[in-house]
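Here is the structure we will look at.
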Amino acid sequence: MTTTPTGAQVDGWFAQAADITVEGMRAGTGGPFGATLVDDGEVVVSVGNTVLRDTDPSGHAEMVAVREACRKRNTLDLSGMVMYATCEPCPMCVAVMMWAGITECYYASTRDDAAEHGFSDMHLRRYLDGSDTSTFDLVHLDEGREECAEIWAEFRRLNG
């Protein structure tokens with residue numbers, strides 16, 4: 001049974017994300033982004049960005065939260081969980097939340113706040129909305145790719 005969180009709970013979830021983010025920044029393991037993932041009022045994970053620690057451009061806080069929650073719960077389905085992010089999620093993080101079944105995310109700082117501090121994702125947003133395709137070439141090669149087509153046949157055999 002899902003209950004509406006109190007203002008104090010929401011404040012606490014944002015505070016957890018902010019605290020762990022500041023810890024990571026001070027330790028030199030991450031940037032100024034954090035997230036808390038909550039399931040029916042219970043904190044599942046509270047994490048900071050791990051880009052620097054892991055030398056991994058995908059180590060955004062929301063991405064790390066989804067990874068850790070999936071491992072912790074031994075599932076790929078995080079439906080019903082709610083993300084509380086210290087900053088507006090980038091398109092990659094929105095995508096991973098959607099893939100995991102998360103349908104609700106609250107954030108504090110905006111993409112403009114992030115850009116003001118050198119963390120702009122507008123090149124991604126412009127690429128995805130089709131207004132600028134100069135940043136990335138996505139090329140479909142379908143001729144001579146039988147080994148790639150065979151992957152689908154094997155998938156059907158294994159899951160049929």
Side-chain angles (χ1 to χ4, degrees), residues 14 17-18 20-39 44-160:
F14 273 111
I20 200 163
T21 299
V22 170
E23 279 179 35
M25 289 190 314
R26 288 178 178 159
T29 60
F33 306 96
T36 299
L37 188 58
V38 175
D39 186 12
V44 179
V45 295
S46 194
V47 300
N49 170 303
T50 62
V51 168
L52 299 174
R53 181 192 76 195
D54 298 339
T55 317
D56 177 2
S58 72
H60 294 197
E62 301 89 347
M63 182 79 76
V64 173
V66 166
R67 288 176 184 153
E68 288 190 16
C70 286
R71 275 194 290 273
K72 186 175 184 178
R73 295 283 176 95
N74 195 32
T75 183
L76 298 174
D77 184 6
L78 304 180
S79 297
M81 295 189 192
V82 179
M83 186 76 73
Y84 294 86
T86 62
C87 190
E88 182 176 358
C90 76
M92 174 182 68
C93 292
V94 169
V96 78
M97 286 186 275
M98 291 173 70
W99 279 112
I102 297 168
T103 59
E104 203 168 11
C105 176
Y106 296 90
Y107 64 91
S109 300
T110 67
R111 66 178 87 166
D112 295 327
D113 297 322
E116 183 179 315
H117 293 89
F119 295 95
S120 178
D121 63 4
M122 289 311 295
H123 62 297
L124 296 172
R125 294 178 189 278
R126 284 193 287 271
Y127 178 82
L128 292 171
D129 75 10
S131 64
D132 181 4
T133 58
S134 69
T135 58
F136 187 73
D137 290 327
L138 189 60
V139 182
H140 177 218
L141 299 176
D142 62 343
E143 304 246 349
R145 301 282 62 92
E146 290 79 18
E147 67 280 5
C148 297
E150 178 56 32
I151 292 170
W152 295 113
E154 182 65 14
F155 178 81
R156 281 192 304 278
R157 282 191 290 277
L158 293 170
N159 296 284

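Count residues from 1 along the sequence.
- With hydrogens and angles ignored, the 3.5 Å screen pairs a side-chain donor or acceptor of Thr29 with a backbone N or O of Gly24.
- Within a 6.0 Å radius of CE in Met122, other residues, nucleotides and ligands contribute more than 12 heavy atoms.
- When the side-chain contact (heavy atoms from CB on, under 4.5 Å) test is applied to Arg26, the partners found at least two apart in sequence or on another chain are Val22.
- Applying the salt bridge (Lys or Arg N to Asp or Glu O under 4.0 Å) definition to pairs two or more places apart or across chains, those involving residues 46-66 are Asp56-Arg67.
- Taking the side-chain contact (heavy atoms from CB on, under 4.5 Å) definition, one finds that Val64 meets it with Val47, Thr50, Glu68, sequence neighbours left out.
- Shown here are the ring pair (Phe, Tyr, Trp, His ring centres under 6.0 Å) partners of Phe14, two or more places apart in sequence or in another chain: Tyr84.
- Heavy atoms only, all atoms of each residue included: Leu37 and Ile102 are closest at CD1-CD1, 3.8 Å.
- Residues satisfying the side-chain contact (heavy atoms from CB on, under 4.5 Å) test with Ala114, not counting sequence neighbours, are Phe33, Cys87, Phe119.
- Judged as a side-chain hydrogen bond (donor to acceptor under 3.5 Å, both in side chains), and not counting sequence neighbours, Thr21 has no contacts.
- Side-chain contact check for Cys90 versus His60: some heavy-atom pair is nearer than 4.5 Å.
- Sorted by first and then second residue, the salt bridge (Lys or Arg N to Asp or Glu O under 4.0 Å) pairs with a member in residues 149-160 read Glu150-Arg157, Glu154-Arg157; sequence neighbours excluded.
- Minimum interatomic distance between Ala35 and Met83 (heavy atoms only, all atoms of both residues): CB-SD, 3.7 Å.
- A search for side-chain hydrogen bond (donor to acceptor under 3.5 Å, both in side chains) contacts involving Thr135 returns nothing, not counting sequence neighbours.
- Residues passing the side-chain hydrogen bond (donor to acceptor under 3.5 Å, both in side chains) test with Glu147, sequence neighbours excluded: Arg145.
- With sequence neighbours left out, Leu138 forms a side-chain contact (heavy atoms from CB on, under 4.5 Å) with Tyr127, Phe136.
- Partners of Ser79 according to the side-chain hydrogen bond (donor to acceptor under 3.5 Å, both in side chains) rule, which considers only residues two or more places apart in sequence or in another chain, are Asp77.
- Residue pairs meeting the salt bridge (Lys or Arg N to Asp or Glu O under 4.0 Å) criterion with at least one member in residues 94-120, sequence neighbours excluded: Glu88-Arg111.
- Remark: Asp121 engages Arg125 in a salt bridge, criterion side-chain N to carboxylate O under 4.0 Å.
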